[in-house]
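Down below is the structure, laid out as structure tokens.
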Amino acid sequence: MSFAPVDEQMATVTRGVVDLVVRGELEARLRESHTSGKPLRVKAGFDPTRPDLHLGHAVLLQKMRQFQDLGHTAILLVGEFTAMVGDPTGQNDLRPRLSRDDVRAAAKTYTEQAFKILDPARTELRSNAEWIDKLTPGEMVELMAKMTVSRMLERNDFGQRFADEKPIYQHEFLYPLLQGYDSVALDCDIELGGTDQLFNLLVGRDLMPKYGLRPQMVMTTPILEGTDAKLVNGKVAGKKMSKSADNYIGLMEEPLSMHRKIMQIDDDVIFRYFELLSARTNAELAALKEERAAGKSPMVIKALFAREIITRFHDEAKATEAAAEFARVYSGDAIPEDVAEHTLACEGPTLWIAKALSEAKLVSSTSDGKRMVEQGGVEVDQVRVTDAKLGLERGKRYLLRVGSKNRKFAYVTIKP
RNA sequence: GGAGGGUUACCCGAGUGGCCAAAGGGAGCAGACUGUAAAUCUGCCGGCUAUGCCUUCGAUGGUUCGAAUCCAUCACCCUCCA
């Protein structure tokens, strides 16, 4: 195995990271691997608690992929045992614990999605049940004897809860220890995690020398902002990507939907996404930024990102198709292919437009429908309706459209 | 165990007998401008074929011509004292 020069590797792997403990050590170890030809062992663990992942989760995986592309080995560690303990990080309360079956099922869907990013040939897929299940009570005590309570209380959420006199159960202290023990068992060179994991990762670093191993380096990746993030004073600002804030792009999402959401990202924020998720090299990104500064259309740049992401999670043909469909339906004025059909009953001589919109589920109520018409947000057969009292005639078929930004279509046929 | 404060629409929050379908802000939606970006401006933001009617201010019951507003009971939350 021949590796790229160390400074080049450093530039790639440190892109976008939040914490790096310790930079010099990482350089040294990369140099060592460069000489010996031995790849670094790069660990990242996850608790398979949620089934569907979004781009925010992909940031960490992308970072691992960068290590892989440089020739190193990724260790994807399934926290089969620790998931049952429940990591209290970021929680103000105790987290619910899962059964082993739940965990296994979730792990399966998780890894399927993770391998859209990771290179399976350079990935070790492991479960920490392998070694934690085998720990004897004596070994467990020994592990616990390597960490003090006050050290645990340094962790923000524990400290806060202690100060607030909220309960901290003893098994919760076990979580960071077990996670750290995983690093011991795997003898890894570096562990990656989200910034909220910093404490846990450092426990691993502390533990390793106590077991006679060289301490791992620790690197944390940022939490990706949602698709509604803005650029404020040169910095990306916004809520983190999450399902509940509805500002996420799911890894399993439909190509067209992915494309649309990416095109809606703020022009200046797209580079944040590139930095954290693109497989493009630093040089390529720098070139792209220059082109942008020189006046290249931000839409073209966003489309590049959309293409890369859709190709990764679906395939290239789907990416092309999505781009074309997007141009046709949204940029142009075409009608999408899958428009719902409704047949509506009618009591009077005609069916009130507001009622029709409501029954076709384009609006939430007749009042809402009436409002939409009054505000000029409704088209019937591609012509804007201005009369809020308009009646649709029996026996005819109409194409209804509401809104433009989030346009919705439906065909309705009024029963004769 | 004692004392006090609170619960208002998606969220925050004003309102303490009629002028309250309920101020203001945020979110959201529509329109203008655009590139379905951002920013900005305008409007909307409980339901109902509607100058009116119906349902809503933690729940239930009451006082009143009239209740988000007063009274009683219940539920939940918070603060202080023990």
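So that the names make sense, note that chain A is the first sequence line, chain B the second, and so on, each numbered from 1.
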What is the separation between atom NZ on A:Lys296 and atom P on B:A37, rounded to the nearest whole Å? 21 Å
Need one value for A:Ile270: base, sugar-phosphate or nothing, where a base atom within 4.0 Å counts as base even if backbone is also close, heavy atoms only. nothing
Can you tell me the base-pairing partner of B:A22? Count Watson-Crick or G-U wobble geometry only, both distances below 3.5 Å, and say none if there is no partner. none
A:Lys389 NZ to B:U51 P, straight-line distance once rounded to whole Å: 8 Å
Base, sugar-phosphate or nothing for A:Lys302? Non-hydrogen atoms, less than 4.0 Å. base
Under 3.5 Å on both distances, the Watson-Crick or G-U partner of B:A67: none
Is there a Watson-Crick or G-U wobble partner for B:U36 with both distances under 3.5 Å, and if so, which one is it? none
Have a look at A:Ser365 and say if it touches a base, only the backbone sugar-phosphate, or nothing, with a 4.0 Å heavy-atom cut-off. sugar-phosphate
Below 30° counts as parallel, above 60° as perpendicular, anything between as tilted: where do the rings of A:Phe305 and A:Tyr273 land? perpendicular
Quick one: which of A:Gln197, A:Arg205, A:Lys43, A:Arg41 gives a side-chain hydrogen bond (donor to acceptor under 3.5 Å, both in side chains) with A:Glu191? A:Lys43
Out of B:G35, B:A50, B:G31, whichever nucleotide has its closest atom nearest the side chain of A:Arg384: B:G31
Side chains of A:His72 and A:Gln9 only: does a donor on one sit below 3.5 Å from an acceptor on the other? yes
Smallest heavy-atom separation, A:Leu201 atom then A:Gln179 atom, equals CD2-NE2, 3.6 Å
Sort out the partner of B:U79 for me: Watson-Crick or G-U wobble, both distances under 3.5 Å, none otherwise. B:A3
NA contact type, A:Asp266, heavy-atom cut-off 4.0 Å: base, sugar-phosphate, or nothing? sugar-phosphate
Does B:G17 have a Watson-Crick or wobble partner in any strand here, with both distances under 3.5 angstrom, and which is it? none
Heteroatom pairs (N/O) under 3.5 angstrom, protein to nucleotides 28-30 of chain B:
{"residue": "B:C29", "atom": "OP1", "partner": "A:Asn406", "partner atom": "ND2", "Å": "3.4"}
{"residue": "B:A30", "atom": "O2'", "partner": "A:Gln375", "partner atom": "O", "Å": "3.2"}

Has A:Lys230 got a side-chain N or O lying under 4.0 Å from the OP1 or OP2 atom of B:A38? no
